[in-house]
Amino acid sequence: MILRDKPSPLDLAFALKGSIVPAVVRPVAVVAVAATLLTGLGLRFEVLPVVDPVAVTVFGLALSLFLGFRNNAAYERWWEARKLWGGLLADLRMLAREAELFIADPVLRAAVLRDALAFAHLHRARLREIAADPEALRHAPDLAGTPNPPCAALDRLTARLAAAHRDDGLDGFGARALSQRLAAITLAQAGNERIAGTPLPFVYSLLIYRTIYIYCLLLPVALFAAAGWLTPVIVAIVAYVFLGLAEVSEEMSHPFGTAPNALPLDAICRAMEISLAPHLGEAAPEPLAPVEYLLS
Amino acid sequence: MILRDKPSPLDLAFALKGSIVPAVVRPVAVVAVAATLLTGLGLRFEVLPVVDPVAVTVFGLALSLFLGFRNNAAYERWWEARKLWGGLLADLRMLAREAELFIADPVLRAAVLRDALAFAHLHRARLREIAADPEALRHAPDLAGTPNPPCAALDRLTARLAAAHRDDGLDGFGARALSQRLAAITLAQAGNERIAGTPLPFVYSLLIYRTIYIYCLLLPVALFAAAGWLTPVIVAIVAYVFLGLAEVSEEMSHPFGTAPNALPLDAICRAMEISLAPHLGEAAPEPLAPVEYLLS
Amino acid sequence: MILRDKPSPLDLAFALKGSIVPAVVRPVAVVAVAATLLTGLGLRFEVLPVVDPVAVTVFGLALSLFLGFRNNAAYERWWEARKLWGGLLADLRMLAREAELFIADPVLRAAVLRDALAFAHLHRARLREIAADPEALRHAPDLAGTPNPPCAALDRLTARLAAAHRDDGLDGFGARALSQRLAAITLAQAGNERIAGTPLPFVYSLLIYRTIYIYCLLLPVALFAAAGWLTPVIVAIVAYVFLGLAEVSEEMSHPFGTAPNALPLDAICRAMEISLAPHLGEAAPEPLAPVEYLLS
Amino acid sequence: MILRDKPSPLDLAFALKGSIVPAVVRPVAVVAVAATLLTGLGLRFEVLPVVDPVAVTVFGLALSLFLGFRNNAAYERWWEARKLWGGLLADLRMLAREAELFIADPVLRAAVLRDALAFAHLHRARLREIAADPEALRHAPDLAGTPNPPCAALDRLTARLAAAHRDDGLDGFGARALSQRLAAITLAQAGNERIAGTPLPFVYSLLIYRTIYIYCLLLPVALFAAAGWLTPVIVAIVAYVFLGLAEVSEEMSHPFGTAPNALPLDAICRAMEISLAPHLGEAAPEPLAPVEYLLS
Amino acid sequence: MILRDKPSPLDLAFALKGSIVPAVVRPVAVVAVAATLLTGLGLRFEVLPVVDPVAVTVFGLALSLFLGFRNNAAYERWWEARKLWGGLLADLRMLAREAELFIADPVLRAAVLRDALAFAHLHRARLREIAADPEALRHAPDLAGTPNPPCAALDRLTARLAAAHRDDGLDGFGARALSQRLAAITLAQAGNERIAGTPLPFVYSLLIYRTIYIYCLLLPVALFAAAGWLTPVIVAIVAYVFLGLAEVSEEMSHPFGTAPNALPLDAICRAMEISLAPHLGEAAPEPLAPVEYLLS
């Protein structure tokens, strides 16, 4: 995640870090060159028909609405993922508090919290598709080979609680409280897996990119008579805005990736460790800080 | 569900798998031919009035907004269905954990989990309107003839819990925990039945398709003076975008079908089996993988 | 509710069942006649000023956006009502299961479920403003005269549970489980009453219909110079789309009526009876089927 | 709240009750006079530059979108408030049922329900900023001087339950059930206080009204060449639609006021009394009926 | 938060307090000067190409839609934050009531409520990034140095409850009730931290501001032929609307700041103190009142 203040005039002119420009500079250049050629053909050799720009206005409008829809859906995926991780942070804090209330044995309490931290790191590693994440390995070296490591961590946590419940180390009230907490964690996990495993329908991407390119090729034909040699400039700007928005949507729709706008899962996991440290009797580690505006 | 990466330039030009092109190529061709004829009539025989293109701009705009609304509603149906299945996956995982916490008898625990898996397969088969699904039959050969087989599976699960509750094999805390889990499953089931049984209002489909065709017939009349022989091209592109979006909305609004963009219910049911395997003391099956980009 | 497949080309041309055409054919005809007169005045007698069509574009756009808002709000009312009824179906199923878990006496269990079915039919009859619904009378002949019959059915159900709770026929866990189920039913009931009793604000209807008619009278003035004798055709189509959408919104915003697009409450109540039949030891009735595409 | 059927043709022409016309007739007249003057200046004295109407199209569009956003936010405030009051009605009904289940003493039960009714009236009076509401005074004459009277009513209810819990008149299950009901009521109360105390940001109102007036002053300059003496008519209609929508949004965003479109809190409180009457052993009062289409 | 009535005509003309004008007056002036220069170049020296204004219409439209999206996202952040704080107020009120129901010892009750008030002030100070907030210090002088002071306050509250639970001062029902209340508070806290710590993606800000400036530089080129010397006026107004909306969105997206439109956290914390005063046996303080329309 990029953490920068409101862009200053200088940022507006030159900032690349956190901008979408690097991702779209090549296709925009291709479109601009094509527009220049078409404009040249139209103005110099008069081989293009003169089309009233109104003719393609509706097209641009439909495209804007459609891009707006996809951007909205992508942003909501990103924000829902952030909400789920925020909920996980709250759940881990409450797990520690409920353990304190309902589990008398400090050794069991610590084991439960360590399982929860292992879950968080394994879940993060799985969402980001990191095969051998050092933090995840440190917290749960023995779960790496299971079919679904974060599930295995929660299963182990459950087994501990079940054993205690049978040995009277956890009464019915406590078993209910802790299993409801576990249910909230399980739901958030399934929500994140859903977002990671079900991308925005491919058919939308295809339809939108195809439409943008068709529009950008049609635009010079409609504009060259009205805009003359400014046509390639206008087309390039339109391509920058449309392709830029499409590209941002693409990035936002994958909130667990490692793109600059992906969620700072490392920092959230660190926040979990900070919150659980007092309950484990350990010193809290430092929160992660952004490096060159980027919080990982 | 189609699982492909961001479309590459080659995909953009040629990809058909996961594209909406095959579904709309015929009506687009019909519209394009009609537009060619109308343009010819207008340009050659001057029998058409010359209409300012602005006259139909508002029309196109209203159509775009209306298509946007319907697409939004369809996408939300699809995404809500995905959420409900994700919730079911979490519920089955939690059912296994709560069974471990609150049910001492391992035989009963296994029977409960097998009923839950039977429910999942029967529910999937019913949503997809598969009469004799092999997986569903394998898990519950005796429930096929009941009026609502997935309901019957959950009723059987309940009967097991009720018997245990009366025999002191399940205390009040456990009965509450497991019945709340059952309630979550029941709510998700009713949600899926709602989406499957209540399509987007037919009146919208009719209004939208009629409006698109009227618009595509009116467009050449409004454009031929402004766009000349490019008119059929523009009309074909507009028809492709509008009919394509209408068709995608149609597909997304039926998330349980077998169209390429339908939800991968087979894969989700498999994920449930993988999650419950350790609780049943079985080896986890392999997750389903997409075949030619298609996850069923 | 209309249950038809995606409209075929024939449907698109001729389908009236489930279409909004019958509801708007008269006002559209009135508007078309007015437009014809205005166009005639403008073209033949030149008494109308020539107005650039752009002048009314913004107007049409604002109208589209506003219609879109109202349609969205209406659709959400319809869909929320459907969700509430889907939730009621799930609640009745769970009530039966929780009764089985927590109530040992089969006679009390059956009485509780019969009260719940009576509630469903009384609630449906009240939402649809049916004075003497035969199904409702059959299930609860003695509650017809109470101020709020569905509430009275739930009060009677509660009294049964309260008596059992005092006589040790229902322990604290069961009383909690069943009262929470009742709370969910009560909330859904209040939600449906809210939708039935609080229509979309009248001020919106007035503003929208007035604006549509003003727009349709202004449009010929703006178009006749640009579109000539096609003007009445364009105006009629615009009137069809705008009035059609306004009318559909009107219908969708009353989801409990008996219009073709109203919710199939009869069919949902039947589904409740099917689901409860095994718990009552009765044979399940047949599900309702649509009659001429219409599910009541 | 205005309760009228779908507007008839006569209503469309003449209805004022429930219409926004009275609220905007003066500013619309001012704008129309200004537009007439500007058009006169432009047509007769040719002191105005001729501006292509397209130049202000985008402006009108941005304004439409912005008005649409604000109207949406206002409608959602109104609808959320209605949902919260519907939830309160359900909560009071359930409070009566849970009291019957968990409280054996009929005197305590009645006192609890009377406190709840007092809360409802005090809450209504506070939201509507009525200093000495007769109904509220009748139900709780002694709470008028407290800092937050509805809170005080709920505190008194709690004190009764706490006393009963210590005297074994309410067991742990009942205390949990009733305190969760109280929590739902408390949450709805805070939600209503939030809507009443946090208006739509003032900065939006200012920006929107300023933009509307600037637009209405700019429009004649852009239109007079294109629309001639129809310009003031078009401008007046545009002003009516835009100012009308802005005014409706303003009204909807204050759902607890006494404007015609405000929520019928009196009628909802009456519905609560009707629902609780059987539990108090009293005859139910009549429901409130609309007076001249207006339900208070 | 600005608390002013609907703007009067005078306000519309002159109000600055609560307006966005001061924040955008400088960039609007810069844009207006640039537009004047460009218009001058175009009209006097004829060095600019004549561009049909339609050419940039789509651009303005896409920009409007995009601004609308960002404004919507920003408003939802603001409103969600307000909802979370409203929920916290309800939670503190219910904590006091549940403490009264389930905790017999008045000293422990008071300590629990004081911890909760300390949490509220520490949470507010942390969200607003106030290093040494006097109110927070007064309520919890010893927690200032901890890694997350509001978490530490809730941990202390939990420790008190855990001790009482072990000493039989709090039974299982009470422990469940109070830990669920704590969970609601913890979730709201994490929600607020999420909003404070995860700004709207920087890439949107950059894309939107860059696009607005490019548009405002392109607009005079497209307009000067159509609008003549009115061009700079139109451009300045467009810049005012677009930059104003972008700036308002920026402010709304940081709901915990100290900008005029930020949330009145001081007033909400005061409302918490007023609500808890009777439970602590103290006199309620006065509610905070706005100073020059501004509620802090």
Side-chain angles (χ1 to χ4, degrees), chain C residues 27 49-52 54-59 61-63 65-66 68-69 72-73 146-148 151-152 154-155 158-159 161-162 165-166 171-173 175-176 178-180 182-183 186-187 189-191 193-194 197-199 201-207 209-211 213-215 218 221-222 250, chain D residues 1-4 6-7 11-12 15 18-20 53-54 57 60-61 64-65 67-68 71-72 75 78 82-83 86-87 89-90 93-94 97-98 100-102 104 171-173 176-177 181 223 226-230 234 237-238 241-242 244-245 248 251-252 260-261 274-275 277-279 284 287:
Chain C
V50 172
V51 176
D52 189 319
V54 171
V56 297
T57 302
V58 170
F59 196 0
L61 198 91
L63 189 50
L65 281 168
F66 193 20
F69 156 73
N72 217 48
T146 53
N148 188 329
C151 266
L154 294 182
D155 282 342
T158 307
L161 296 179
H165 187 37
R166 269 154 225 175
D171 68 358
F173 291 103
R176 285 279 281 148
L178 289 164
S179 71
Q180 283 183 356
L182 220 51
T186 301
L187 197 60
Q189 178 201 11
E193 287 178 359
R194 163 172 50 85
T198 311
F202 180 72
V203 67
Y204 284 128
S205 297
L206 211 55
L207 191 53
Y209 277 104
R210 280 181 174 161
T211 309
Y213 283 111
I214 293 175
Y215 181 68
L218 214 60
V221 181
E250 193 71 33
Chain D
M1 191 177 61
I2 300 290
L3 280 180
R4 294 183 77 159
K6 218 188 88 182
D11 290 341
L12 285 175
S19 156
I20 204 64
V54 171
T57 302
L61 198 91
S64 300
L65 281 168
L67 265 169
N71 180 55
N72 217 49
Y75 173 74
W78 180 82
R82 182 62 189 82
K83 279 186 182 169
L89 175 56
R93 287 173 179 169
M94 270 318 292
R97 291 178 189 141
E98 285 163 338
E100 196 153 330
L101 257 174
F102 293 109
D171 68 359
F173 292 103
R176 285 280 280 146
R181 189 61 45 214
L223 284 191
W229 279 107
L230 264 182
I234 296 179
I237 294 171
V238 166
V241 173
F242 280 2
L245 191 48
V248 170
E251 271 194 27
M252 302 298 291
N261 290 303
I274 295 172
S275 295
H279 297 274

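Numbered from 1 within each chain, the chains take letters A, B, ... in sequence-line order. Hydrogens, waters and symmetry mates are skipped; everything else that's a heavy atom, side chains included, is used.
- For chain C, the option among D:E98, D:R4, D:E100 with the highest count of heavy-atom pairs below 4.5 Å is D:R4.
- Closest approach of C:P147 and D:A284 over heavy atoms only: CG-CB, 3.8 Å.
- Note that the CG atom of D:N71 and the CZ atom of C:F66 stand 6.0 Å from one another [nearest 0.5 Å].
- When each of D:L3, D:I20, D:I237, D:L89 is checked for heavy-atom pairs under 4.5 Å with chain C, D:I237 comes out on top.
- In terms of the side chain to side chain contact (heavy atoms under 4.5 Å, CB included) criterion, residue partners of D:P287 (sequence neighbours excluded) are, by chain and number, D:I274.
- No part of C:A222 comes within reach of chain D, as not one of its non-hydrogen atoms sits under 4.5 angstrom from that chain.
- The candidate from C:F69, C:Y215, C:Y209 with the greatest count of non-hydrogen atom pairs under 4.5 Å with chain D is C:F69.
- For a residue to count as touching a neighbouring chain, one of its non-hydrogen atoms must lie under 4.5 Å from one of that chain's; by this rule C:R166 touches chain D with the side chain only.
- Note that the CG atom of C:L161 and the CZ atom of D:R97 stand 11.0 Å from one another [nearest 0.5 Å].
- For the options C:L154, C:N148, C:L218, C:I214, heavy-atom pairs under 4.5 Å to chain D are most numerous at C:L154.
- For D:N261, the side-chain hydrogen bond (donor to acceptor under 3.5 Å, both in side chains) partners are D:E251, not counting sequence neighbours.
- If you tally non-hydrogen atom pairs under 4.5 Å between each of C:S205, C:P199, C:A183 and chain D, the highest count goes to C:A183.
- With respect to chain C, the highest number of heavy-atom pairs below 4.5 Å among D:A277, D:P278, D:A177, D:P260 belongs to D:A177.
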(message) Applying side-chain contact (heavy atoms from CB on, under 4.5 Å) to C:Y204 and D:M252, what does each step give before you reach the verdict?
(response) CA-CA 11 Å; C:Y204 284 128; D:M252 302 298 291; 3.7 Å; yes
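- Between chain D and the options C:L63, C:L178, C:L207, heavy-atom pairs under 4.5 Å are most frequent for C:L207.
- Interface remark: of the candidates D:L67, D:V248, D:D171, D:V248 forms the most heavy-atom pairs closer than 4.5 Å to chain C.
- Side-chain contact of C:T198 with D:R82: a donor-acceptor pair under 3.5 Å is present, judged by distance alone.
- C:L187 touches chain D through backbone and side chain together, each having a heavy atom under 4.5 Å away.
- Side-chain polar atoms of C:N72 and D:Y75 form no donor-acceptor pair below 3.5 angstrom.
- Counting heavy-atom pairs under 4.5 Å between each of D:A104, D:S275, D:S64 and chain C puts D:S64 at the top.
- Between the CZ atom in D:R176 and the OG atom in C:S179 there is a gap of 11.5 Å [rounded to 0.5 Å].
- Comparing C:A190, C:A162, C:G172 by how many heavy-atom pairs each has under 4.5 Å with chain D, the most go to C:G172.
- Using modelled atom types and a 3.5 Å distance limit, the side chains of D:S19 and C:R210 yield a donor-acceptor pair.
- For D:W78, the part sitting under 4.5 Å from any heavy atom of chain C is the side chain, from C-beta outward, and nothing else.
- Per-residue counts of heavy-atom pairs under 4.5 Å with chain D were compared for C:T211, C:T146, C:D155, C:V221; the largest is that of C:D155.
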